[in-house]
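These notes are about the structure you will find just below.
All of these numbers come straight from a predicted model, not from anything done at the bench.
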Amino acid sequence: MAKHGEHPELPDHLENLLDADVHTIFLKADCPPRVKRGAIGQLELVEIGTADEWDNLRIESLQEELGSIVEMNQHRSDCFLEIDRKGCRVLQLGDLRITCASPPFSDAREITLVRPVAKLSLSDYDLDSKIIERLSDHHRGVFICGRPGSGKTTLAQAIAEYLDEDIGAMVKTMEAPRDLQLADRITQYAPLEGDLEKTAEIIFLVRPDFVIFDEVRRARDFEIFADVRLAGVGLLGVTHANSALEAIQRLIGKVELGLVSQVLDTVLHVEAGKIQQVLELRMTVKPPSGMQEELARPVIEVVEFSSGNVTHEMFAFGSELAVVPVTEKNQQRPVQQLAQKQLVHTIRQWAGVNVRVRFTSDASATVYAPKNMISTLVGRGGDNVRALQDQLGGLRLSIESLDEMPNSGDVSEDAIWDDDQDRRAYQSKAYERHGRSKKSRKDRRR
């Protein structure tokens, strides 16, 4: 497959723009050409030349020339037409990925040429031996995350070749498009008939030890990632996220909470070509921080790998999946903050009234409401308040008047209304909402 720094000879006016430090070339009809140049994490967008040199006819001619180069190099395994759709073509020419766009897909003809900034091995990252030992166990689910241009793909290539050469694992890739620069014996698969799910089906037949899934973006991609991982195949996914925690949150909702730590156990956050953070996911059964022992439930701990400290916890909270930070004991617990917001929001949606909330212990809270709404919130025989307690994981609630609310910093903040009209609308429909809510609960019990 493609080797770093190798590609067929390009037309002179394009090759001249491809200096040694150029990572990306942007050409658009009637616009000055621009390039991104520099090292990973230090890329700079620079305008070169003038718009007069690159009119629509010249860009069209260059697009046709690039297509001809692919046809003339069909004997090379690293030169092929990756995508061919109306208004868009993606070409692979050696280590170059070239995207050609034209109307009606784009507003004008353009060419974007991208090549890798660097080719690194895992030893170049100066990693802790514990991290290398973890990556050597190729029966894992790993995410590499970061912003565009941060060096995610470069690290994925280094891990793939380390597993292939040093560990002796059978490595395959799933890519759309295929642009990883890997050893010839690592087979790179594209979407079969345009569908990565079909590619995943073939992956099982070729019995790999480890699969690189480049560019996990759409919801379906995360589901495919989970399916392959749960089948017992080691898997590394490359995804866009601003932090390691955000990468984990992108998986939540696509996979059942109880399976998250089985699908994904390691997250590497890359910034400026360096690994900035490594997180580990562990499943345990315990009460979340800030809840009493009788409220134990499955909890996924997000652990900072280098220190072993738990940074966040993920668990089911009522009808929601909560991701909360673990803080010092002398601070208000995030679970309480979450419960305050949930209570205020739930009551406002149900009864159309704003309340304030104060925790009196780890498992009990007081709701302060307008005096004329207390009976509505309590309900006949306490039905309404018990339903709220069940929804919030068994928290014990008492309802009191706003007039009795203490002047304390641990009381929830005032709810924010968009405007006075919204506030009056909620208050005027309080009785109507209350009636519908009771009816719907009766229907559910039936």
Side-chain angles (χ1 to χ4, degrees), residues 1-85 87-103 105-120 147-154 157 175 177-182 184 188 214-215 272-273:
M1 298 304 291
K3 301 293 189 299
H4 182 70
E6 294 185 7
H7 58 264
E9 185 176 353
L10 302 176
D12 291 341
H13 41 283
L14 188 57
E15 192 76 57
N16 292 338
L17 300 175
L18 203 60
D19 294 334
D21 62 341
V22 170
H23 169 259
T24 311
I25 298 175
F26 303 95
L27 300 176
K28 186 174 182 180
D30 302 320
C31 295
R34 294 184 292 175
V35 299
K36 273 189 179 180
R37 62 196 330 157
I40 296 177
Q42 300 175 337
L43 295 174
E44 180 184 10
L45 185 61
V46 181
E47 185 176 295
I48 56 177
T50 63
D52 297 338
E53 303 175 22
W54 300 93
D55 58 20
N56 187 66
L57 290 177
R58 188 175 187 183
I59 295 292
E60 182 180 6
S61 175
L62 183 55
Q63 289 178 340
E64 292 174 355
E65 286 185 69
L66 292 171
S68 299
I69 293 174
V70 171
E71 294 178 1
M72 291 187 295
N73 288 274
Q74 289 184 354
H75 62 283
R76 293 182 53 160
S77 62
D78 59 354
C79 295
F80 47 85
L81 178 62
E82 181 75 53
I83 297 173
D84 187 9
R85 297 173 184 165
C88 181
R89 303 181 88 193
V90 178
L91 318 172
Q92 191 71 35
L93 290 175
D95 67 334
L96 307 178
R97 187 182 72 233
I98 304 174
T99 304
C100 301
S102 59
F105 172 62
S106 60
D107 64 335
R109 288 187 177 274
E110 69 170 3
I111 298 173
T112 305
L113 183 151
V114 181
R115 71 173 176 183
V117 178
K119 172 78 170 178
L120 302 177
R147 294 178 294 182
S150 59
K152 303 184 298 298
T153 299
T154 303
Q157 292 170 172
E175 305 172 57
R178 293 166 293 183
D179 60 351
L180 290 171
Q181 314 297 308
L182 298 170
D184 289 341
Q188 298 173 251
D214 194 20
E215 299 299 340

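Residues Pro116 and His23 approach most closely at C-CD2, 4.3 Å, considering heavy atoms. Nearest approach of Gln92 to Arg178, heavy atoms of both residues: OE1-O, 3.0 Å.
Without hydrogens or angle criteria, Gln188 side chain to Leu180 main chain gives a donor-acceptor distance under 3.5 Å. Checked by atom type and distance alone, the side chain of Gln63 never pairs as donor or acceptor with a backbone atom of Glu65 at under 3.5 Å. In terms of modelled atom types and a separation under 3.5 Å, the side chain of Glu6 and the main chain of Gly94 share no donor-acceptor contact. No side-chain donor-acceptor contact under 3.5 Å links Glu110 to the backbone of Phe26. The closest donor-acceptor contact from the side chain of Arg115 to the backbone of Val22 lies under 3.5 Å.
We find the CG-CG distance between Leu27 and Leu62 to be 6.5 Å, quoted to the nearest 0.5 Å. Here CG of Leu17 is found 12.5 Å from OG1 of Thr24. Values are rounded to the nearest 0.5 Å. Note that NZ of Lys28 is 3.5 Å distant from CG of Asp107, once rounded to the nearest 0.5 Å. Between Arg58 atom CZ and Glu60 atom CD the span is 14.0 Å, to the nearest 0.5 Å. The CG atom of Leu81 sits 11.5 Å away from atom CG of Leu66, with the distance rounded to the nearest 0.5 Å.
Between Cys79 and Leu93 there is a side-chain heavy-atom pair separated by less than 4.5 Å. Counting only heavy atoms from C-beta outward, the side chains of Asp55 and Asp30 approach each other to under 4.5 Å.
Exactly one of Ile111, Ile83, Leu113, Val90 qualifies for a side-chain contact (heavy atoms from CB on, under 4.5 Å) with Thr99. That residue is Val90.
In the model, Gln157 has no side-chain atom that pairs as donor or acceptor with a side-chain atom of Gln181 under 3.5 Å.
Classification of Asp21 and Arg37 as a salt-bridged pair holds, one side-chain N sitting under 4.0 Å from a carboxylate O.
Counted within 6.0 Å of CZ on Arg76, heavy atoms from surrounding residues, nucleotides or ligands total more than 12; the atom is thus considered enclosed.
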>> Checking Ile69 against Leu91 for the side-chain contact (heavy atoms from CB on, under 4.5 Å) test, could you report, in this order, the C-alpha distance in whole Å, the side-chain angles of both residues, the deciding distance, and whether it holds?
In response: CA-CA 10 Å; Ile69 293 174; Leu91 318 172; over 6 Å; no
